Protein chains: 2
Amino acid sequence: MTDIDTDNSPIPERKRGSGVKMVYDLLRDEILDLVLPPGSPIDEVQLAERLKMSRTPIREALVRLAGEGLIDTLPNRSTMVANIDFLNLNPFFDALVLMYRVTTRLAAQNHRPEDLAIIRGFHEDYAAAVQTRDPLTMIATNAAFHAAIAESGRNPYFTSLFRRLLDEGRRILRLYYQSYDEQFPQRFVDEHAAMIAAIAARDVEAADRLGKAHAEQIVEQVQKLFARNNKLDIAL
Amino acid sequence: MTDIDTDNSPIPERKRGSGVKMVYDLLRDEILDLVLPPGSPIDEVQLAERLKMSRTPIREALVRLAGEGLIDTLPNRSTMVANIDFLNLNPFFDALVLMYRVTTRLAAQNHRPEDLAIIRGFHEDYAAAVQTRDPLTMIATNAAFHAAIAESGRNPYFTSLFRRLLDEGRRILRLYYQSYDEQFPQRFVDEHAAMIAAIAARDVEAADRLGKAHAEQIVEQVQKLFARNNKLDIAL
DNA sequence: TGTATTTTTCTTGTCGACAAATAAAATACA
DNA sequence: TGTATTTTATTTGTCGACAAGAAAAATACA
């Protein structure tokens, strides 16, 4: 009964063609929620046994994840969850701030009425998650909120880069919420509301400004956190 | 003797692990050079026979190409070369201009001495291609030149998006050079030289300005071309 | 002749197996 | 005891095969 393998899954049958997507979604979530921390080895055979499928669909999912930079594959050797370069997050921050600006700006320009309903939906989900103080849900709904804004801007190139950055951000924020008190999320709720207002009013400049401020505020907080942690590490 | 299949390839042996990359590189080149035009069907079995390998590595290459948006995969049905939305290139142009600016700017900021040699190398390759009036090489070396600038800026997020845009640009420019006279490339050579100078001088603002002007100039030309073509199409 | 239904063909998604490449363990040797 | 070499074990990359879905062809029916 001390069996680690939890194979009482009641779904032995699976639709044709859903295999890759299933593995992809599962691994992606586990990576972004740090269930699989950076550097974790990923064993194809083990996964195949756990999900009761052959290695072929699993490999294809891994190829896709590697393309998105979520895992690293050493030729002929192991594959593992991609590491985060905490020592130099600047490229990440630069890209994040710019994409916050651009996507919010484009949303103000190009959104359609039906987009606002979706955006407001995620906004409320995030507010609810802040109330219940559930970090994982907070992080995920925050990312979904901004991804929805980007979608309404209707530039697939920006959207896909922004999605990738938000994904990476989920992993970084996960550490943030683990070690920092959670007073900021409420402020984010207010800022989100202001962004929605600017988008709805089609005020491009205001949207740009708010997106930039929102992003820089997040960056600043994360940088402050890491600066403190680094000092602690050195002190030890 | 009227056999279409050209299977007198003198390389029956192939190193382990090189299969996927080989297929990926081959298909990528053929797609970007429009040897496989947008909408072309891609048959796994046919490819497997041509390259004398099983379908497994081919499928993995296809998954990767799909992740980069170069092919579209219909579930349980065919997979084909991704189409280009000529009717609305604005998202592409917006992203392209911004990335030209950002990458050139970052290059001026973050490049190292050894980067300049690489950049100048591609610059000369491009100038040479202009002399010989070889469109395919012009397009490819132009993309390589700007990709090298992006690399020297050292922001992998921007670099990968820019690479994707340059790839897409290769396909679009391919049509440009097919139907337009080729007097512009020489002007591009001069603009490239100016960009290199600004980067070498670490003049961030000048680099930004030149990158923007260069990009907008290209966009303008392509738009002019398509406007003319559209009118012709309507006239017919 | 035109439409609906069945049959056939073709392509894809998945599987289990095998061999090459690498890492780990075991052994030999100084 | 420590290093070099062989042996074993593990894991990956590739293969050929098969069945599910969808498209095309063939047939039935009006």
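Order of the sequence lines fixes the chain letters, A, B, ..., with proteins taken first and strands second; residue numbering starts at 1 for each chain. This one's a predicted model, so the numbers in the text were calculated from it and none came from an experiment.
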Quiz prompt | Salt bridge present between A:Lys21 and A:Asp25 (N-O < 4.0 angstrom) | solution = yes
Quiz item: So, is A:Ser54 near the phosphate of C:dC15, with a side-chain N or O under 4.0 Å from OP1 or OP2?
Solution: yes
Quiz prompt | A:Glu44 CD - C:dA17 P separation (whole Å) | solution = 17 Å
Exercise. Report the nucleotide, chosen from D:dT12, D:dA22, C:dT22, that has the shortest atom-to-atom distance to any side-chain atom of A:Arg77.
Key: C:dT22
Self-check item: Spacing of B:Glu60 atom CD relative to C:dT12 atom C1', expressed in whole Å
Solution: 15 Å
Quiz item: Taking atom P of D:dA23 as reference, at what distance in whole Å does atom CG of B:Asn76 sit?
Solution: 9 Å
Self-check item: Nearest-nucleotide pick for A:Arg55, side chain only, options being D:dT14, C:dT12, C:dT14
Solution: D:dT14
Quiz item: side-chain contact (heavy atoms from CB on, under 4.5 Å) with B:Phe93: which of B:Ile218, B:Leu165, B:Asn88, B:Val222?
Solution: B:Val222
Exercise. Return the value, rounded to whole Å, for the distance between atom CD1 of B:Ile42 and atom C1' of C:dT12.
Key: 14 Å
Self-check item: Between D:dT14 (C1') and B:Leu51 (CG): distance, integer Å
Solution: 14 Å
Quiz item: Choosing from D:dC15, C:dC15, D:dT12, which nucleotide comes nearest the side chain of A:Thr56?
Solution: C:dC15
Practice problem: Please state how far atom NZ in B:Lys21 lies from atom P in D:dT14, giving the value in whole angstrom units. | Solution: 13 Å
Quiz item: Rounded to the Å, how far apart are A:Met53 CE and D:dC18 C1'?
Solution: 18 Å
Practice problem: For B:Thr73, report the nucleic acid contact type (base, sugar-phosphate, nothing); a contact means any heavy atom under 4.0 Å. | Solution: nothing
Quiz item: Mind checking who C:dC10 pairs with, Watson-Crick or G-U wobble, both distances under 3.5 Å?
Solution: D:dG21
Quiz item: Does C:dG16 have a Watson-Crick or wobble partner in any strand here, with both distances under 3.5 angstrom, and which is it?
Solution: D:dC15
Exercise. Can you tell me the pairing partner of D:dA30 across any strand shown, Watson-Crick or G-U wobble, with both distances under 3.5 angstrom?
Key: C:dT1
Quiz item: Within the side chain of B:Arg50, is there an N or O that forms a donor-acceptor pair under 3.5 Å with the backbone of B:Ala48?
Solution: no
Self-check item: Heavy atoms from other residues, nucleotides or ligands near CD of A:Gln46 exceed 12 (cutoff 6.0 Å)
Solution: no
Quiz item: Should B:Arg105 and A:Asp94 count as an ion pair when the cut-off is N to O under 4.0 Å?
Solution: no
Exercise. Consider the side chain of B:Arg16, meaning its heavy atoms from C-beta on, and name the nucleotide among D:dG21, D:dT14, C:dA21 that approaches it most closely.
Key: C:dA21
Exercise. Could you check which of C:dC15, D:dA22, D:dT11 has an atom nearest any side-chain atom of A:Asp43?
Key: D:dT11
Quiz item: How close or far is atom P of C:dG16 from atom NZ of A:Lys52, stated in whole angstroms?
Solution: 12 Å
